[in-house]
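Working notes, beginning with the structure itself.
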Amino acid sequence: MSTKISVIPGDGIGPEIMNATLRVLDALDAGLEYEMVEAGLIALEKEGELIPESTLESIGRNRVVLKGPLTTPVGKGFRSINVTLRKQFDLYANVRPVISMAGTRSHFEDIDIITVRENTQGAYLAADAKISEDGETAESKMVVTRDGCDRITHYAFELARREGRKKVTIVHKANILKTVSGMFLDIAREVAKEYPEIETEEMIVDACCMKLVMNPWQFDVIVTTNLFGDIISDLCAGLVGGLGLAPGANIGKDAAMFEAVHGSAPDIAGQKIANPCALMLGAAQMLSHLGMEDKARKLRSAIRETLAQGDRTTPDVGGSGTTQSMTDAIIDRLG
Ligand code: NAD
């Protein structure tokens, strides 16, 4: 029996890399049925809404979404579509793994770090955001809850335990943001006590960024709040050769959404040179989530080999190929 998933191709390079990713999933014979739905600029133009009701219904029904990057128009009063989807389906854990792969333009080797970012609270919810009538003052509240801090840190430690990871680094700014970051740190410390076999370390976010660049090998799993997690995970993507290689899973109790960390890359949209690997690695996370670990492993290894050989790869990783040629090279290795 096939499993139906919702698929949002997205904006900019989204449709190009989604097409490539669905080809790979078909080649893997993953038994998936795709319900194609829209969101983002395309949906706004066609249906007058960034996230049409039919898209929300599809996600609510299928509970698994593969999503291309979406463009939220800036400065027109639109709330980020990604933030809205994460909030609507309570996708509280954003899991962003990065791993070194030969054949990329990375400055580092042997990196293997997972950032677990709280996805539904904090600065990105922009609670009570407003600009004063005279236009001189802008404000927005940062809110976290005890339950929100508790479940994200439990998620990170459970993931570390499940994957046999050695260390969790709790990243915060409790020295300055004493209430919000302070509550996160206090709760994370309590949760850590339940996992005595896992080493726990605490780090202030600015120092963490410096240490990630100076000595990234000291990191294993990082758990942090929404804004810090967004920035740190892009930094980690840079450690392994850029955004074209970094996937992200958004996990909730009742639904999950899989994507690339990068955006819609309007600067290269339509040029057919977008690297499809980040979304494909997101699809691999989805296959694991659906219990198809063998297919997930096969896909990751085909991507790794293609990059290592520099076989028909895209320009961002030093090749002169296209999205399509790189996808062909990956499919050739799926055997
Ligand atoms: P971006 O990630 O789209 O692009 C940053 C740089 O990385 C660009 O030079 C781009 O060409 C390059 N790049 C990104 N993905 C690539 C790929 N697969 N292959 C090769 N090169 C790639 O970031 P941006 O330009 O700041 O944002 C563009 C739009 O994307 C904005 O509207 C933003 O809101 C949106 N965005 C969406 C998501 C998402 O849907 N998850 C995430 C981030 C940004």
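First listed ligand is number 1; within each ligand, the first listed atom is number 1. Predicted, not measured: the structure shown is a model, and the values here were computed from it.
Shortest contact from atom 39 (C) of ligand 1 to any protein heavy atom: Asn82 ND2, 3.0 Å. For atom 5 (C) of ligand 1, the nearest non-hydrogen atom of the protein is Leu243 CD1, 4.1 Å. For atom 41 (N) of ligand 1, the nearest protein heavy atom (residue, atom name, distance) is Glu259 OE1, 3.3 Å. Gly263 CA, 3.4 Å is the protein heavy atom nearest to atom 36 (N) of ligand 1. Here the protein heavy atom with the shortest distance to atom 15 (N) of ligand 1 is His262 CG, 3.1 Å.
At a threshold of 4.5 Å between non-hydrogen side-chain atoms, the residues Ile232 and Val205 count as touching. The shortest distance between side-chain heavy atoms of Cys236 and Arg96 does not fall below 4.5 Å. Considering only heavy atoms from C-beta on, Met257 stays 4.5 Å or farther from Met286 through its side chain. In this structure the side chain of Ile111 reaches within 4.5 angstrom of the side chain of Ile113, judged on heavy atoms.
Using a 4.0 Å cut-off between heavy atoms, Pro266 contacts ligand 1 through its side chain alone, with no backbone atom that close. At a 4.0 Å heavy-atom cut-off, ligand 1 touches Asn275 through backbone and side chain alike. Within the 4.0 Å heavy-atom criterion, the part of Asp316 lying near ligand 1 is the side chain and not the backbone. When heavy-atom distances to ligand 1 are checked against a 4.0 Å cut-off, Thr314 has no atom that comes that close, whether in backbone or side chain.
Below 3.5 Å of separation, one finds an N or O of Ala265 facing an N or O of ligand 1. Taking only nitrogen or oxygen atoms, main chain and side chain alike, Ile268 does not reach within less than 3.5 Å of ligand 1. Polar contact check, Arg86 against ligand 1: no nitrogen or oxygen pair lies under 3.5 Å apart. The N/O atoms of Leu70, backbone and side chain alike, include one that comes under 3.5 Å of an N/O atom in ligand 1.
Of all the atoms in ligand 1, the ones that sit under 4.0 Å from a non-hydrogen atom of Pro69 are 40 (O). Each of the atoms 32 (O) of ligand 1 lies under 4.0 Å from some heavy atom of Thr71.
Distances from atom 27 (O) of ligand 1 to the protein include no heavy-atom value under 4.0 Å. At a distance under 4.0 Å, a protein heavy atom can be found next to atom 9 (O) of ligand 1. Atom 12 (C) of ligand 1 is never approached by the protein to below 4.0 angstrom, counting heavy atoms only. For atom 24 (P) of ligand 1, the protein comes within 4.0 Å by no heavy atom at all.
At distances below 3.5 Å, not a single donor-acceptor pair connects side-chain atoms of Thr55 with backbone N or O atoms of Ile51. Listed for the His154 side chain is a donor-acceptor partner under 3.5 Å among the backbone atoms of Asp150. Panel note: side chain Glu118, backbone Thr120; a donor-acceptor pair is recorded below 3.5 Å.
Lys173 has a carboxylate O that lies under 4.0 Å from a charged side-chain N of Asp206, or vice versa, which qualifies the two as a salt bridge.
Using cut-offs of 30° and 60° for the angle between ring planes, the Tyr195 and Phe157 rings count as parallel.
Under a 4.0 Å heavy-atom criterion, Ser264 is in contact with ligand 1.
Here the CG-CD1 distance, from Asn119 to Ile152, works out to 7.5 Å after rounding to the nearest 0.5 Å. Atom CD1 of Ile330 sits about 9.5 Å away from atom CG of Asp311, to the nearest 0.5 Å.
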- Message: Quick one, Gln121 with Asn226, criterion side chain to side chain contact (heavy atoms under 4.5 Å, CB included). Give me CA distance, side-chain angles, the key distance, then yes/no.
- Response: CA-CA 7 Å; Gln121 305 193 335; Asn226 204 337; 5.8 Å; no

